[in-house]
Amino acid sequence: MKMYHPQEIECKWQKYWEDQKSYHTSIASDKPKYYILDMFPYPSGEGLHVGHLVGYIATDIIARYKRSKGYAVLHPMGFDAFGLPAEQYAIQTGQHPAITTANNIQRYQQQLHKLGLSYDWDRAITTTDPQYYKWTQWIFRQLFNSWYDIRLQKARPIAALITIFQQQGNHQVDAYCDKSPKLFTAQEWQQMNEEAQQTCLLAYRLAFLEDTLVNWCPELGTVLANEEVKDGFSERGGHPVVRKQMKQWSLRITAYADRLLAGLQKINWPTSTKEMQRNWIGKSTGAEIQFTTTGENTQHTITAFTTRPDTLFGVTFLVLAPEHPLATTLCTPAYATAATQYITTVINRSERERLTTAHKATGVFTGVYAVHPFTQQPIPIWISDYVLANYGTGAIMGVPAHDSRDYTFATQFQLPITQVIADPSDSELPYETKEGVLMHSDFLNGLSVQAATQTMLEKLAALKLGTPKTTYRLRNAIFSRQRYWGEPFPIYYKNTLPHSLPTEELPMALPSLDSYKPTETGEPPLGRALDWKTKDGYPLELNTMPGWAGSSWYFFRYMDPHNRSQFVSPEAESYWQAVDLYVGGAEHTTGHLLYARFWTKFLHDLGYVTVDEPFQQMIHQGMMQSKSNFVYRIKGTKQFVSYHLREQYETTAMHVATALVDKDNVLQLEAFQNWRPDLKDATFILEEDGQYICGSETEKMSKSKFNAITPDDVINQYGADTLRLYTMFLGPLEQAKLWDMHGIEGVHRFLIKTWRLFYPTSGVPFSTDSPDEAAQKIIHQTIKKIGEDIQRYSFNTAVSNLMICVNDLTALGCRHRHVLGKFLVLLAPFAPHLAEELWQYALGNEASILAAPFPEYDEAYLQESSCEYPIAINGKVRTKIVFPLTMTQEQIETAAIAHPDITKWLEGKTIQKIVVVPQKMVNIVV
RNA sequence: GCUCGGGUGGUGGAAUAGGUAGACACGCAAGACUUAAAAUCUUGUUCCCCUAAAAGAGAGUGCGGGUUCGAUUCCCGCCCCGAGUACCA
């Protein structure tokens with residue numbers, strides 16, 4: 001009898017599939033297409049752990065299933081390889097990040113290869129490859145040379161804008177641009193020199209230079225995007241982040257805010273993810289209202305944005321953001337010193353400090369009043385950092401009765417509070433609900449919130465005091481990084497104005513440097529490059545692009561990865577279209593997933609792609625958790641105290657490798673001392689029984705918590721098929737799962753049982769007779785279930801159903817070649833190596849199982865001739881009776897109440913009703 | 001605080017359209033094989049009461065209500081856990 005040795009057969013078939021080019025994908029116009037994509041991984045130095053694999057295994061099962069259903073399946077993999085860790089390593093060691101990256105990629109590929117994943121590796125792409133980033137630069141160049149036409153709701157080439165400027169100036173242009181662009185006539189435009197013209201155009205480009213307040217991370221020496229900063233610290237590395245004014249490249253994603261919002265309705269994504277994008281875009285409608293200051297000499301106009309114009313009569317103060325242009329100039333001399341001091345401290349405060357003091361209201365009075373547009377009452381103007389400079393207009397009208405933040409501020413500084421909406425429940429102020437009737441509001445009195453808003457907007461418009469306005473929380477995306485390991489910008493400067501390099505000069509490759517640190521003068525690392533200038537001697541851009549540049553369009557490149565003349569050919573793009581199913585982490589919701597949608601819409605506008613949403617359906621795999629262990633170090637010493645005694649000392653908890661801890665959390669002391677050089681002379685305070693007990697917690701699996709399980713160890717012990725199956729068997733794809741090795745024996749035993757079904761101890765040969773009813777029923781039921789389970793991504797139940805099938809066929813002693821062959825095709829997407837081995841060697845098929853079509857089930861074999869009915873009395877099941885399906889409802893009723901197990905419950909009671917649900921159950925109501 | 005998930009045996013989980021709660025697997029217990037152990041196989045395993053055992057009775061899907069002949073599933077109110085978000089006017 002042959003034994004199941006996964007390590008032998010898995011290597012053999014992996015090589016076979018590679019040699020046969022089994023996963024080669026091409027356009028097959030006679031077949032329907034299916035594009036299934038995993039999120040672009042960053043190849044970190046730590047390699048993969050089993051948590052990363054959940055998604056890869058799931059997509060592989062679907063890809064294999066879809067192929068066996070006759071689809072042309074695009075299932076590629078590649079690497080998003082620019083990024084900070086390789087560069088930090090380069091700064092420390094001097095090793096070029098390209099070498100680090102290549103090593104890491106190789107390790108990833110080996111790990112993925114050992115899992116038997118069916119990627120078409122000929123289509124693999126890497127963002128750091130100049131032949132790839134050539135096109136990232138090319139797309140950036142298109143963004144630089146485009147503007148957004150609001151009337152047509154699409155991006156257009158900058159040449160079209162120049163034509164408009166030549167003919168009519170920019171007074172009539174309806175475009176997304178800088179806040180107040182310089183206005184000019186056609187004649188003025190024509191008289192401008194090139195420099196002046198370029199300055200004007202820059203205000204309209206979709207990729208533009210801008211002085212902005214950025215998240216500066218001194219430790220990393222670079223700026224970070226909003227979503228790369230968590231609680232005032234950098235997401236990578238956890239370094240502090242401060243706010244700083246810098247000239248940066250930005251992308252005008254805000255032009256697409258409305259389309260990014262509307263597009264969510266067309267795509268099949270988790271509601272939570274859509275909701276998060278909606279909140280991130282943060283569309284709010286309201287009005288901008290003008291307030292004029294009182295004062296003898298100078299009168300200023302302050303424009304405030306509000307979503308509640310209906311509460312205008314409740315305004316008791318105005319607040320300016322500290323960064324507001326008027327904040328420094330408005331104050332009366334008596335208040336100016338205090339105000340300037342406040343503004344300086346607040347602006348220099350780091351993001352971190354702002355957050356920790358967020359709950360406290362701070363601010364200063366300017367000494368100046370504005371006039372209420374209707375009551376003509378004076379309204380004090382304050383400055384406070386609870387108003388954000390870059391949202392709305394940077395100025396708000398304070399309505400303390402109906403806004404909690406304004407309420408806190410008013411209470412703090414004893415400003416008056418005027419209630420203007422009657423609260424039906426009469427609860428405490430502030431009353432923020434949009435229900436109720438207006439009061440103390442002159443011409444609005446008695447109106448509902450909705451009607452009052454409408455009336456107020458009309459009145460403001462008529463008196464030219466305000467206009468309806470929609471704002472977005474979404475900011476333009478800062479696109480410069482002061483780093484080496486990223487795509488260089490295809491940009492050079494002429495008299496400090498940016499120009500794009502001609503496309504023939506792309507790719508613009510990264511230069512080699514002697515060091516990857518910033519220059520002594522604080523310039524980015526590219527400042528060290530010799531001859532970093534164009535042929536004509538113009539200086540090139542020193543910043544590089546952020547990590548998300550390459551991942552914003554990679555899904556198109558897989559369609560046509562070797563194209564030298566286009567980023568994707570129209571033929572390939574129109575065949576593969578959007579990704580049908582995208583599987584990856586939810587943590588990319590407000591970053592990658594938003595930027596990829598933005599770039600797709602932009603490329604669509606310019607006519608380069610037909611789709612305008614990149615990912616039709618999206619699923620997030622749940623995170624993998626694992627038990628992590630802690631030891632407790634007495635502060636300032638190398639002494640470690642056991643779990644139960646830790647409270648007697650002042651200790652810090654420290655993660656310890658779970659490999660050094662047994663299942664009862666007992667630490668292996670010697671192994672711990674040898675774990676790291678600095679622990680060599682560690683000493684311990686032990687429990688009474690002489691053991692060191694570690695603390696334990698369930699946490700997200702990660703190398704830094706020392707609780708990661710690498711696939712390599714599992715594969716060495718059980719084989720890739722067992723790992724694939726077990727990862728799916730743990731629970732639903734989208735749910736967080738706890739990895740523990742206990743259950744893996746169960747799925748491994750299942751594969752051994754499967755093996756024995758084909759190589760039984762009895763040695764009975766396979767039969768080619770037509771299978772018996774019982775075997776047919778089992779296999780057809782399983783075909784139905786597996787198909788349904790895969791289609792609803794329920795892989796854990798699919799594995800269960802495969803187990804049930806093997807259990808049943810084993811009990812039956814099934815030897816039918818026909819039935820067993822069908823079973824292998826069902827098993828193949830989950831455990832491809834074992835299925836191929838048994839298909840070719842046990843059953844003696846000549847062709848690969850990959851060519852076998854997914855079996856169809858025959859309804860005829862699923863028909864039952866009878867059904868077991870649970871018989872319930874008042875909903876409680878009392879007995880079960882088998883009835884033939886030919887029985888009528890009346891016959892079932894009569895039989896049920898005549899059954900001895902039932903009659904004893906009916907004694908002395910009257911039957912009120914009998915419910916018979918065909919093929920389900922019977923309920924007797926007494 | 002807000003938004004979105006989720007609470008089912010000792011454990012992971014199943015129940016796809018309101019119809020037998022606990023599939024499948026782990027663990028545990030007993031037995032077979034073995035000199036013995038491991039491996040393998042067989043049987044049992046929601047809890048509680050009763051019983052020598054069988055049989056039987058009751059409770060039960062976070063808690064409290066509701067709709068229904070019937071609710072893990074639908075509705076209302078609460079509690080707990082997890083994730084995301086944070087002055088966006």
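Being a predicted model, the structure only gives us computed values, none of them experimental.
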Subject >> Sidechain N-carboxylate O distance under 4.0 Å for A:Glu788, A:Arg792 >> reply: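 Salt bridge flag = no for A:Arg792 with A:Glu788.
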
I'd like the [atom1] distance from [M] over to [N], given in whole Å.
{"N": "B:A59", "M": "B:A21", "atom1": "P", "value": "13 Å"}
{"N": "B:U73", "M": "B:U20", "atom1": "C1'", "value": "15 Å"}
{"N": "B:U68", "M": "B:C75", "atom1": "C1'", "value": "12 Å"}
{"N": "B:U72", "M": "B:G65", "atom1": "P", "value": "15 Å"}
{"N": "B:A71", "M": "B:G19", "atom1": "C1'", "value": "10 Å"}
{"N": "B:C28", "M": "B:G12", "atom1": "C1'", "value": "16 Å"}
{"N": "B:A30", "M": "B:A37", "atom1": "P", "value": "13 Å"}
{"N": "B:C74", "M": "B:A15", "atom1": "P", "value": "14 Å"}

Of the nucleotides [options], which has the atom closest to the [X] side chain?
{"X": "A:Glu788", "options": "B:G5, B:A59, B:U16", "value": "B:U16"}
{"X": "A:Lys913", "options": "B:C87, B:A89, B:C69", "value": "B:C69"}
{"X": "A:Asp789", "options": "B:A89, B:U16, B:G5", "value": "B:U16"}
{"X": "A:Lys876", "options": "B:A59, B:U3, B:A89", "value": "B:A59"}
{"X": "A:Thr306", "options": "B:C41, B:A89, B:C4", "value": "B:A89"}

For the pair [X] and [Y], name the ring-plane relationship: parallel under 30°, tilted 30 to 60°, perpendicular over 60°.
{"X": "A:Trp739", "Y": "A:Tyr726", "result": "perpendicular"}
{"X": "A:Tyr793", "Y": "A:Phe795", "result": "tilted"}
{"X": "A:Trp382", "Y": "A:Phe413", "result": "tilted"}

Specify the separation, in whole Å, of atom [atom1] of [X] and atom [atom2] of [N].
{"X": "A:Phe305", "N": "B:C87", "atom1": "CZ", "atom2": "P", "answer": "17 Å"}
{"X": "A:Asp406", "N": "B:A89", "atom1": "CG", "atom2": "C1'", "answer": "7 Å"}
{"X": "A:Tyr472", "N": "B:A89", "atom1": "OH", "atom2": "P", "answer": "13 Å"}
{"X": "A:Ile396", "N": "B:C87", "atom1": "CD1", "atom2": "P", "answer": "14 Å"}
{"X": "A:Met728", "N": "B:G13", "atom1": "CE", "atom2": "P", "answer": "14 Å"}
{"X": "A:Trp269", "N": "B:U3", "atom1": "CH2", "atom2": "P", "answer": "22 Å"}
{"X": "A:Lys737", "N": "B:G5", "atom1": "NZ", "atom2": "C1'", "answer": "14 Å"}
{"X": "A:Gln735", "N": "B:U8", "atom1": "CD", "atom2": "C1'", "answer": "12 Å"}

Original post:
Do the side-chain N and O atoms of A:Tyr718 and A:Glu745 include a donor-acceptor pair separated by under 3.5 angstrom?
Top reply: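 On atom types as modelled, these side chains qualify, holding a pair under 3.5 Å.
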
Using both distances under 3.5 Å as the test, list the Watson-Crick or G-U wobble partner of [N], or none.
{"N": "B:C2", "answer": "B:G84"}
{"N": "B:G27", "answer": "B:U45"}
{"N": "B:A21", "answer": "none"}
{"N": "B:U16", "answer": "none"}
{"N": "B:G60", "answer": "none"}
{"N": "B:A32", "answer": "B:U40"}

Subject >> Shortest non-hydrogen contact between A:Thr453 and A:Val449, atoms and distance >> reply: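 Heavy-atom minimum between the residues: OG1-O, 2.7 Å.
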
Original post:
Does B:A17 sit syn or anti, given that only angles within 90° of 0 count as syn?
Top reply: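 Syn conformation for B:A17.
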
Original post:
How would you label the glycosidic angle of B:G9: syn (within 90° of 0) or anti?
Top reply: syn

With a cut-off of 3.5 Å and sequence neighbours excluded, list every side-chain donor-acceptor pair involving residues 281-288 of chain A.
unit_1, atom_1, unit_2, atom_2, d
A:Lys283, NZ, A:Asp258, OD1, 2.8
A:Ser284, OG, A:Tyr391, OH, 2.8

Original post:
Going from CD on A:Gln625 to NZ on A:Lys705, what distance comes out if it is rounded to the nearest 0.5 angstrom?
Top reply: 10.5 Å

Subject >> Criterion side-chain contact (heavy atoms from CB on, under 4.5 Å) on A:Asp808 and A:Gln781, from CA distance to verdict >> reply: CA-CA 11 Å; A:Asp808 289 352; A:Gln781 240 162 20; 5.9 Å; no

Original post:
Is a side-chain N or O of A:Glu432 found less than 3.5 angstrom from the main chain of A:Ser404, in a donor-acceptor match?
Top reply: yes

Subject >> A:Thr303 backbone acceptor or donor facing A:Thr393 side chain under 3.5 Å >> reply: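 Side chain of A:Thr393 to backbone of A:Thr303: a pair is present.
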
**OP:** Would you indicate, yes or no, if B:A89 has its OP1 or OP2 atom less than 4.0 angstrom from a side-chain nitrogen or oxygen of A:Ser284?
**Re:**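 Yes, because at least one side-chain N or O of A:Ser284 sits under 4.0 Å from OP1 or OP2 of B:A89.
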
Original post:
Does A:Arg278 place a side-chain N or O at less than 4.0 Å from the phosphate oxygens OP1/OP2 of B:C2?
Top reply: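 No, no such contact exists.
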
Subject >> Of A:Thr271 and A:Thr307, the one whose closest RNA chain B nucleotide lies more 5' >> reply: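 Counting from the 5' end, the first nearest nucleotide belongs to A:Thr271.
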
**OP:** With RNA chain B as reference, determine whether A:Ile924 or A:Leu738 sits nearer its 5' end, using the nearest nucleotide of each.
**Re:** A:Leu738

Subject >> Centroid-centroid distance, A:Phe409 to A:Phe317, less than 6.0 Å >> reply: yes

**OP:** Give A:Pro732 one of three labels, base, sugar-phosphate or nothing, depending on what nucleic acid heavy atoms sit under 4.0 Å from its own.
**Re:** sugar-phosphate

Original post:
Can you give one letter per nucleotide of nucleotides 17-34 of chain B, going 5' to 3': B for a protein heavy atom under 4.0 Å from the base, S for sugar-phosphate only, - for none?
Top reply: --BB--BBSS--------

**OP:** For each nucleotide in nucleotides 73-81 of chain B, reading 5' to 3', give B when a protein heavy atom comes within less than 4.0 Å of its base, S when such contact involves only the sugar-phosphate, and - otherwise.
**Re:** ---------

